[in-house]
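In what follows, a structure is listed as structure tokens, so that the remarks can point back to it.
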Amino acid sequence: VQLVESGGGLVQTGDSLRLACTSSGRTASNYVMGWFRQAPGKEREFVAAISRGGSTRYADSVKGRFTISRDDAKNTVYVQMNSLKPDDTAVYYCAADLGLGRSNLYASETREKYDYWGQGTQVTVSS
């Protein structure tokens, strides 16, 4: 499975961005999909995840501002990011979790649970 992120860029505080992650090699509907981010000097952290059945989970820091969604027909997962802040500046990574043996409601916040990763896309929010 290959994951390719797009949509990053330089924006100002309060602006919006939509990141997309397109998968190839296997039907996206088989995977739990997640977004993580890593700021300079910090560990990679969970942002949002969506289960095969469409259930979502968010980090407290983005709840109410970010929305994750998936379009399995296009093998693509999105994260709509609104009201961006300088603290949102990071490289954003898409990840896929096979979720073997898990229900359709399962979506992990733990990066070690994810089996495949994209190369990342930079998001920079200026103050």
Side-chain angles (χ1 to χ4, degrees):
V1 173
Q2 290 186 323
L3 303 174
V4 179
E5 302 96 337
S6 62
L10 172 62
V11 297
Q12 295 184 334
T13 297
D15 284 351
S16 298
L17 274 177
R18 188 177 77 158
L19 305 183
C21 170
T22 301
S23 63
S24 61
R26 192 169 173 176
T27 305
S29 60
N30 293 326
Y31 296 99
V32 177
M33 301 298 296
W35 285 97
F36 291 75
R37 66 187 182 186
Q38 188 166 18
K42 295 187 177 181
E43 291 190 355
R44 193 171 298 188
E45 64 176 8
F46 171 75
V47 174
I50 186 165
S51 74
R52 288 183 289 254
S55 299
T56 57
R57 300 183 72 174
Y58 296 95
D60 288 342
S61 59
V62 307
K63 204 170 291 184
R65 299 188 298 123
F66 289 14
T67 302
I68 188 171
S69 61
R70 63 191 300 158
D71 185 340
D72 290 336
K74 296 182 179 179
N75 282 347
T76 301
V77 62
Y78 305 95
V79 60
Q80 176 68 41
M81 306 186 297
N82 298 330
S83 302
L84 283 163
K85 308 173 182 179
D87 284 350
D88 295 318
T89 295
V91 178
Y92 283 71
Y93 296 91
C94 172
D97 173 6
L98 286 168
L100 296 177
R102 301 286 190 173
S103 78
N104 281 347
L105 298 178
Y106 165 81
S108 178
E109 299 182 5
T110 305
R111 65 175 187 256
E112 288 80 8
K113 297 291 187 181
Y114 286 81
D115 303 290
Y116 303 99
W117 293 84
Q119 293 299 307
T121 185
Q122 176 71 46
V123 172
T124 304
V125 184
S126 64
S127 58

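None of these values were measured; they are calculated from a predicted model.
Scanning both residues, Val32 and Arg52, for their nearest heavy atoms gives N-CG, 4.2 Å. The shortest heavy-atom contact between Tyr114 and Ala95 is CD2-CB, 3.5 Å. Counting all heavy atoms, side chain and backbone alike, Val125 lies closest to Thr89 at N-OG1, 2.9 Å. The two residues Met33 and Cys94 make their nearest non-hydrogen contact at CE-SG, 3.6 Å. Nearest heavy-atom pair, Cys21 versus Trp35, reported as atom, atom and distance to 0.1 Å: CB-CZ2, 3.6 Å. Closest approach of Tyr58 and Ala48 over heavy atoms only: CD2-CB, 3.6 Å.
By the 4.5 Å heavy-atom criterion applied to side chains, Leu19 and Glu5 are not counted as neighbours.
Listed for the Arg111 side chain is a donor-acceptor partner under 3.5 Å among the backbone atoms of Arg44. With hydrogens and angles ignored, the 3.5 Å screen pairs no side-chain donor or acceptor of Thr110 with any backbone N or O of Glu112. Between the side chain of Ser51 and the backbone N or O of Asn104 there is at least one donor-acceptor pair closer than 3.5 Å.
Put simply, Leu100 and Tyr106 are part of two different groups of oily side chains (I, L, V, M, F, W, Y) that touch within less than 4.5 Å, one to the next. In terms of hydrophobic clustering, with Ile, Leu, Val, Met, Phe, Trp and Tyr side chains grouped at heavy-atom distances under 4.5 Å, Met81 and Tyr93 are assigned to different clusters. Cluster membership check: Ile68 does not share its hydrophobic cluster with Trp117, using side-chain heavy-atom separations under 4.5 Å among Ile, Leu, Val, Met, Phe, Trp and Tyr.
Atoms NZ and CZ, from Lys63 and Arg57 in turn, are 9.0 Å apart once rounded to the nearest 0.5 Å.
With respect to the salt-bridge test (charged N to carboxylate O, under 4.0 angstrom), the residues Asp72 and Arg70 qualify. Classification of Arg65 and Asp88 as a salt-bridged pair holds, one side-chain N sitting under 4.0 Å from a carboxylate O.
Residue pairs meeting the side chain to side chain donor-acceptor pair (under 3.5 Å) criterion with at least one partner in residues 11-20, sequence neighbours excluded, are Ser16-Asn82.
For the side chain to side chain contact (heavy atoms under 4.5 Å, CB included) test, residues two or more places apart in sequence or in another chain that qualify with Gln2 are Ser24.
Between Tyr92 and Phe66, the angle of the ring planes lies from 30° to 60°, which puts this pair in the tilted group.
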